[in-house]
Amino acid sequence: MLDLRMIRQNPDRVREALRKRGEEAPLDELLALDERRRGILTDVEKLKAQRNEVSDEVARRKREKEDAQALIDEMRVVSQKIKDFDEELREVDGKIQDYLLRIPNIPHESVHVGVSEDDNMEIRRWGDQTKFGFEPLPHWELGVNLDIIDFERAGKVTGSRFYFLKGAGARLERALMNFMLDLHTTEHGYREVFPPFMVNQTSATGTGQLPKFGEDMFKLEGLDYYLIPTAEVPVTNLYRDEILSAEDLPIYHVAYSACFRSEAGSAGRDTRGLVRVHQFNKVELVKFVLPENSYDELEKLTNDAETVLQKLGIPYRVSQMCTADLGFTAAKKYDPEVWMPSYGRYVEISSCSNFEDFQARRANIRFRRDKGARPEFVHTLNGSGIAVGRCLAAVMENYQQEDGSILIPEVLRPYMGGQERITAEK
RNA sequence: GGAGAGGUGACAGAGUGGCCGAAUGUGGCGGUCUCGAAAACCGUUGGGCGUGUAAGCGUCCCGUGGGUUCAAAUCCCACCCUCUCCGCCA
């Protein structure tokens, strides 16, 4: 959420920034509401001041056993006026909140302008695209052949876009998760948290999923619980409505969670395999930092995600999102993308963003620079470190052998009981 | 799920209609004292919004949201959360 006072002071700057994202925000209406609100506030607060003063006088007279009836009658009228004003104020406030919660973040000045995802820019590349001396198979065929992924029975048991992992496949998934968590906790300084997989509406609003993107989440019927689309939601909301002290910062958290996405509006896309499913595992990195450090922290965060891919030996590149592809909440965003032989292109496997104070303002996460200083909003960042399901697919495809077996990357072998290769079982 | 108890400032804990944004204690910060420290003593110590260059002024906040009243931490209603006992359960 943007700062209303900032919008009031720089409406043109905000309009221009949003235009770069391809958004038209109805700022005039918002600013009119804001003016209306402040007008009401001035009036109603005057009346309240009067009421407070007269109430004291009533109390005094009662104590002195004097008559106060005239004052009481007078205040009855004033109180009614206050009530009317308050009601109007509530209404206006609600509308303002609604506007503010639907305005996206402002892109950072270092983000290049674009009109679609085609304008995203590759900024670096690691490793060579995997070459095969044979016709490589997509991971969904490899998985079925080796009987380590079962889409068909998942369709029976649940529905489309679900899958079972079996045997070495299930273990490899677990190995990836543990490898990532261990890497980030022991080498990159993140503290592990294991979050709830459901959150309430306030939390989903805090990180920006609501109110605009409710249909992307699964909601529990009759309850104020949403299945999390990413651990970003519970972990960022850890410190909602809190004032941290500057010594606490930066805070780095890493969290494993299952992620649930309805994939509304993506019917027909990536219908096969593990790339686009309703439930997947992800290891997420979340940071709370001082505002002046957040862009350095974004670079480090992205590197931390990339380290996973380097250690696994999977070729990848990093794209910087243009203004049109930042998503609702980010001021700047990098997407590490892995080489996926079946797609013949790089596929997003992480997304590393700096939200500046956009989420912190929504979730009211603040810090105090010094004792007695007034609280400021922290900057929040997060990035996948990394998506486990897509990573499993990338390992399978890039490490497949001509005989249909899959070589296990060195760093995962300790997590696989020393196993070096996945072959058909039985 | 059933029965009961409770949610007040950083923490502990008073306050049951008016001088209570809130006693007192602890902690924090500043000071006196001291070679220094401790102790003791003195002072100070929340957040939001509006207004103002600022100092300040005003207003709101005692789990949340409504209501009663001239006036609510205090009375009423609903909800949320915590704790205890019972039931169920991985």
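Letters go in sequence order (proteins before strands), and every chain restarts at 1.
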Requested in this report: Using the C1' atom as the reference point in each nucleotide, state the distance between B:rA73 and B:rA3 in Å, no decimals.
Outcome: 28 Å
Query raised in the report: How far, in whole Å, is B:rG43 from B:rC60 if one measures between their P atoms?
Result: 30 Å
Requested in this report: Identify, with sequence neighbours excluded, every residue that meets ring pair (Phe, Tyr, Trp, His ring centres under 6.0 Å) alongside A:H379.
Outcome: none
Report task. Tell me what A:V58 touches on the nucleic acid: a base, only sugar-phosphate, or nothing, going by heavy atoms under 4.0 Å. Result -> base
Requested in this report: Inspect the contact between A:R15 and A:D28 and indicate whether a charged nitrogen and a carboxylate oxygen are less than 4.0 angstrom apart.
Outcome: yes
Query raised in the report: Checking all strands, does A:R61 fall into the base, sugar-phosphate, or nothing category for heavy-atom contacts under 4.0 angstrom?
Result: nothing
**Report entry** Salt bridge A:D56-A:R60, side-chain N to carboxylate O under 4.0 Å
**Finding:** no
Report summary line: Result for 5'-nearest mapping on RNA chain B, choosing between A:K46 and A:I72, is A:K46
Query raised in the report: Between A:K48 (NZ) and B:rA72 (C1'), how many Å, whole number?
Result: 14 Å
Query - Distance test, side-chain N/O of A:N52 to OP1/OP2 of B:rU59, below 4.0 Å - result: yes
Requested in this report: Using the P atoms only, state how far B:rG25 lies from B:rG7, rounded to an integer number of Å.
Outcome: 22 Å
Query - Interatomic distance at P, B:rU74 relative to B:rU64, whole Å - result: 11 Å
Query - Enclosure of A:K166 NZ (heavy-atom neighbours >12, cutoff 6.0 Å) - result: yes
Query raised in the report: Considering only the P atoms, how many Å lie between B:rC42 and B:rC33, rounded to the nearest integer?
Result: 16 Å
Requested in this report: Please state the P separation for the pair B:rG65 and B:rC80 - nearest whole angstrom.
Outcome: 15 Å
Query raised in the report: Could you state the CG-P distance from A:L47 to B:rC60, rounded to the nearest angstrom?
Result: 11 Å
**Report entry** Salt-bridge present (A:R13, A:E16; N to O < 4.0 Å)
**Finding:** no
Look for any protein N or O under 3.5 Å of an N or O in nucleotides 47-49 of chain B and output each such pair with its distance, or none.
residue: B:rG47; atom: OP1; partner: A:R368; partner atom: NH1; Å: 2.8
residue: B:rG47; atom: O3'; partner: A:R366; partner atom: NH1; Å: 3.1
residue: B:rG48; atom: OP1; partner: A:R366; partner atom: NH1; Å: 3.0
residue: B:rC49; atom: OP1; partner: A:R5; partner atom: NH2; Å: 3.1
residue: B:rC49; atom: O2'; partner: A:R37; partner atom: NH2; Å: 2.9

Query raised in the report: Can you list, by residue number, the residues of residues 76-84 of chain A that have a non-hydrogen atom closer than 4.0 angstrom to RNA chain B?
Result: A:R76, A:S79, A:K83
Query - Atom pair distance, as rounded to whole Å: CG in A:N200 and C1' in B:rC81 - result: 12 Å
Query raised in the report: Using a cut-off of 4.0 Å on non-hydrogen atoms, how would the nucleic acid contact of A:D56 be classed: base, sugar-phosphate, or nothing?
Result: nothing
Requested in this report: Determine the interatomic distance between P on B:rG47 and the same-named atom on B:rG9; round to the nearest Å.
Outcome: 14 Å
Report task. Give the rounded distance in Å between these two atoms: CG of A:D93 and C1' of B:rC61. Result -> 14 Å
**Report entry** Ion pair A:K95/A:D98, N-O distance below 4.0 Å
**Finding:** no
Query - Nearest to side-chain heavy atoms of A:R38, which nucleotide of B:rC70, B:rG50, B:rC81 - result: B:rG50
Query raised in the report: Roughly how many Å is it from CG in A:D3 to P in B:rG50, rounded to a whole number?
Result: 9 Å
Requested in this report: Calculate the interatomic distance between A:Q201 atom CD and B:rC79 atom P; express it in whole Å.
Outcome: 18 Å
Report summary line: When A:L4 and A:A59 are each assigned the nearest nucleotide of RNA chain B, the 5'-most assignment goes to A:A59
Report task. Determine, for A:E263 against A:R269, whether the closest basic-nitrogen to carboxylate-oxygen distance falls under 4.0 angstrom. Result -> no
Query raised in the report: Which residues satisfy the ring pair (Phe, Tyr, Trp, His ring centres under 6.0 Å) test with A:Y252, sequence neighbours excluded?
Result: A:Y190
Report task. Return each pair, listed once, that meets salt bridge (Lys or Arg N to Asp or Glu O under 4.0 Å) where at least one residue sits in residues 40-52 of chain A; pairs must be two or more places apart or across chains. Result -> A:K48-A:D86
Requested in this report: For residues 347-377 of chain A, pull every pair meeting ring-ring contact (aromatic ring centres under 6.0 Å, His included), keeping only residues two or more places apart or in separate chains.
Outcome: A:F328-A:F358
Query raised in the report: How far does the C1' atom of B:rC20 sit from the matching atom of B:rA71, given to the nearest Å?
Result: 13 Å
